[in-house]
Amino acid sequence: MSDTRSIRPGTVDPLGGTYRRLAARCPSLQAELTTAHGPARTPGRDWVPMADPARHRDRLIADEATRILAGHDCTPREHVAASRLLHHYLWSVCLLVSGPWYLERRVPRIRPEDVWIDSVGGGLALRPGGFACLPDDPAAGLPGARVLAGEDLLRAELRAVVAEHVAPVLAAFQGPMKRGPRALWGMVTDDLASGIWYLGRMLGEEEAAVAAATALLPGDTPPFPGAAAFRTLPGTDGRVHRTRTRLGCCLYYAVRPAESCLTCPRTGDAERVRRLELPVP
């Protein structure tokens with residue numbers, strides 16, 4: 001995701017401050033906060049509501065195909081464009097839910113009707129609402145706060161929010177993607193785990209993020225079909241690297257055949273180590 005626009009602060013509290021922290025650490029997250037009325041019309045933007053994903057699905061897939069052609073000089077087949085769009089959407093929404101949980105133990109309740117996609121650039125707009133938190137959270141007494149007794153319940157709330165949000169989106173995209181429910185929910189599992197992992201790396205605390213994602217996705221939490229399942233790879237000179245293998249493919253290799261994802265089942269461990277140890281430009 002080459003567009004690095006960050007979440008823009010609004011007048012929403014307490015989640016506004018949390019999202020500003022998230023944006024500062026996650027340059028790959030293309031999202032901005034909006035008001036109760038939704039994103040304003042601005043030149044160069046065309047916001048498509050996700051309240052009814054089936055209604056706008058074909059348009060959104062066509063827009064993604066246009067972006068892929070412009071960015072990669074490749075005309076993707078419909079199921080490839082659909083997969084790339086869905087992966088981007090799932091990763092972004094999952095991080096918009098899990099990021100505040102990881103940073104401040106607050107789980108926002110984000111509904112499809114609270115999200116818009118920019119059909120031009122592909123970024124998201126989010127209208128924050130209520131949230132769940134722990135009893136000792138300073139925001140526990142604020143309007144919109146739902147207080148839960150402990151960490152296990154908060155993790156269950158996070159999984160429930162993600163599952164409720166993405167279920168109609170997966171149903172809308174299943175046809176053009178030519179995949180069954182298990183494969184689609186595997187993508188959700190992957191993007192939920194990888195977003196937390198990414199945030200942890202950006203914060204310089206990869207091990208803590210891996211532990212958090214592992215606790216959130218232990219492998220027995222349907223509809224998520226698998227675990228976070230991180231593992232270690234021995235590198236050179238005594239180095240050790242964290243990795244995991246995706247449950248579902250995002251089809252990036254269909255756009256860039258020579259550059260499959262680092263966690264793709266197609267990418268062997270030796271290649272993973274080689275790429276992980278390449279000098280940083």
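Bear in mind that the values here come from a model prediction, so they are computed numbers and not experimental data.
Contact detail for Ala254 and Cys74: the closest heavy-atom pair is O-SG, 4.2 Å. Residues Ala213 and Ala228 come closest through the heavy atom pair O-CB, 3.6 Å. Of all non-hydrogen atoms in Cys133 and Arg106, the two that sit nearest each other are CB-CG, 4.3 Å. Of all non-hydrogen atoms in Gln30 and Gly121, the two that sit nearest each other are OE1-O, 3.6 Å. For Ile61 against Leu85, the heavy-atom pair with the smallest separation is N-CD2, 4.0 Å. Closest of all the heavy-atom pairs between Arg127 and Thr35 is CD-O, 3.4 Å.
With a 6.0 Å radius and a threshold of 12 heavy atoms from other residues, nucleotides or ligands, Arg231 has its CZ atom above the threshold. By the 6.0 Å contact criterion, CG on Asp136 is enclosed, its count of non-hydrogen atoms from other residues, nucleotides or ligands being greater than 12.
Taking CG from Asp63 and CG from Asp58, the interatomic distance works out to 11.0 Å, rounded to the nearest 0.5 Å. Atoms CG and OG1, on Asp73 and Thr75 in that order, are 7.5 Å from each other to the nearest 0.5 Å. Between atom CG of residue Leu199 and atom OG of residue Ser98 there is a gap of 7.0 Å, rounded to the nearest 0.5 Å. Met202 contributes atom CE, which lies 12.0 Å from atom CG of Leu29 (distance to the nearest 0.5 angstrom). The distance from the CG atom of Leu96 to the NE2 atom of His165 is 9.0 Å, given to the nearest 0.5 Å. Between the CD atom in Glu32 and the CG atom in Leu124 there is a gap of 9.5 Å [rounded to 0.5 Å].
With hydrogens and angles disregarded, no donor-acceptor distance shorter than 3.5 Å links the side chain of Asp46 to the backbone of Ser119. Arg272 places a side-chain N or O within donor-acceptor distance of the main-chain N or O of Leu262, the cut-off being under 3.5 Å. In this structure a side-chain-to-backbone donor-acceptor pair under 3.5 Å is present from His88 to Gly122. The main-chain N or O of Ala31 is never found under 3.5 Å from a side-chain atom of Tyr19 such that the two would form a donor-acceptor pair. In this structure, the side chain of Asp191 does not engage the main chain of Leu90 through any donor-acceptor pair within 3.5 Å. No side-chain donor-acceptor contact under 3.5 Å links Thr267 to the backbone of Thr263. Here the side chain of Thr221 pairs no donor or acceptor atom with the backbone of Leu217 at under 3.5 angstrom.
Tracing side-chain contacts under 4.5 Å through hydrophobic residues (I, L, V, M, F, W, Y), one never reaches Val210 starting from Leu203; they form parts of separate clusters. Following chains of ILVMFWY side-chain contacts shorter than 4.5 Å, one can reach Leu148 starting from Leu158, so the two form part of one hydrophobic cluster. In the hydrophobic clustering of ILVMFWY residues, with side-chain heavy atoms under 4.5 Å counting as a link, Trp197 and Leu95 come out apart. Clustering ILVMFWY residues whenever any of their side-chain heavy atoms sit less than 4.5 angstrom apart, transitively, puts Ile117 in a cluster other than the one holding Val80. When the side chains of ILVMFWY residues are joined at heavy-atom separations under 4.5 Å, either directly or via intervening members, Tyr252 and Tyr89 end up in two distinct hydrophobic clusters.
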Show the numbers, then the answer: is there a side chain to side chain contact (heavy atoms under 4.5 Å, CB included) between Val48 and Trp116?
-> CA-CA 5 Å; Val48 179; Trp116 290 257; over 6 Å; no
Going through the checks in order, is the side chain to side chain contact (heavy atoms under 4.5 Å, CB included) test met by Phe131 and Thr18?
-> CA-CA 12 Å; Phe131 61 97; Thr18 307; over 6 Å; no
May I have the step-by-step check of side chain to side chain contact (heavy atoms under 4.5 Å, CB included) for Arg246 and His87, ending in yes or no?
-> CA-CA 12 Å; Arg246 290 182 63 92; His87 163 57; 4.0 Å; yes
Could you give me the CA-CA distance, side-chain angles and deciding distance for Thr34 and Leu126, then say whether side chain to side chain contact (heavy atoms under 4.5 Å, CB included) is met?
-> CA-CA 6 Å; Thr34 188; Leu126 166 67; 5.8 Å; no
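Side-chain atoms of Glu206 and Tyr198 include no donor-acceptor pair closer than 3.5 Å.
For residues 169-179, every residue pair satisfying the side-chain hydrogen bond (donor to acceptor under 3.5 Å, both in side chains) rule, not counting sequence neighbours, is listed here: Ser83-Arg179. Screening residues 143-152 for salt bridge (Lys or Arg N to Asp or Glu O under 4.0 Å) gives Arg105-Glu151, Arg146-Glu157, Asp152-Arg155 as the qualifying pairs, with residues at least two apart or on separate chains.
Side-chain atoms of Glu104 and Asp137, non-hydrogen and from C-beta on, never get closer than 4.5 Å to each other. Side-chain contact between Trp91 and Asp190 is absent, with no heavy atoms from C-beta onward closer than 4.5 Å. Side chains of Pro168 and Pro112 form a contact here, defined as non-hydrogen atoms less than 4.5 Å apart. Annotation: side chain of Pro225 is in contact with side chain of Thr189 (closest heavy-atom distance under 4.5 Å). No side-chain heavy atom of Arg45 sits less than 4.5 Å from a side-chain heavy atom of Pro39. Side-chain contact between Met50 and Val93 is absent, with no heavy atoms from C-beta onward closer than 4.5 Å.
For Arg182 and Trp185, the positive end is not near the middle of the six-membered ring at less than 6.0 Å and at most 45° from its axis. Within the cation-pi definition used here (under 6.0 Å to the ring centroid, within 45° of the axis), Arg266 qualifies as a partner of Tyr253.
Salt bridge annotation for Arg57-Asp52: absent, with no cationic side-chain nitrogen under 4.0 angstrom from a carboxylate oxygen. The residues Arg239 and Glu277 are annotated as salt-bridged, a charged nitrogen and a carboxylate oxygen being separated by less than 4.0 angstrom.
Looking at Arg159, Arg109, Arg111 one by one, the single match for side-chain hydrogen bond (donor to acceptor under 3.5 Å, both in side chains) with Glu164 turns out to be Arg109. Results of the side-chain hydrogen bond (donor to acceptor under 3.5 Å, both in side chains) test with His72 over Arg256, Arg67, Arg84 single out Arg256 as the only residue that passes.
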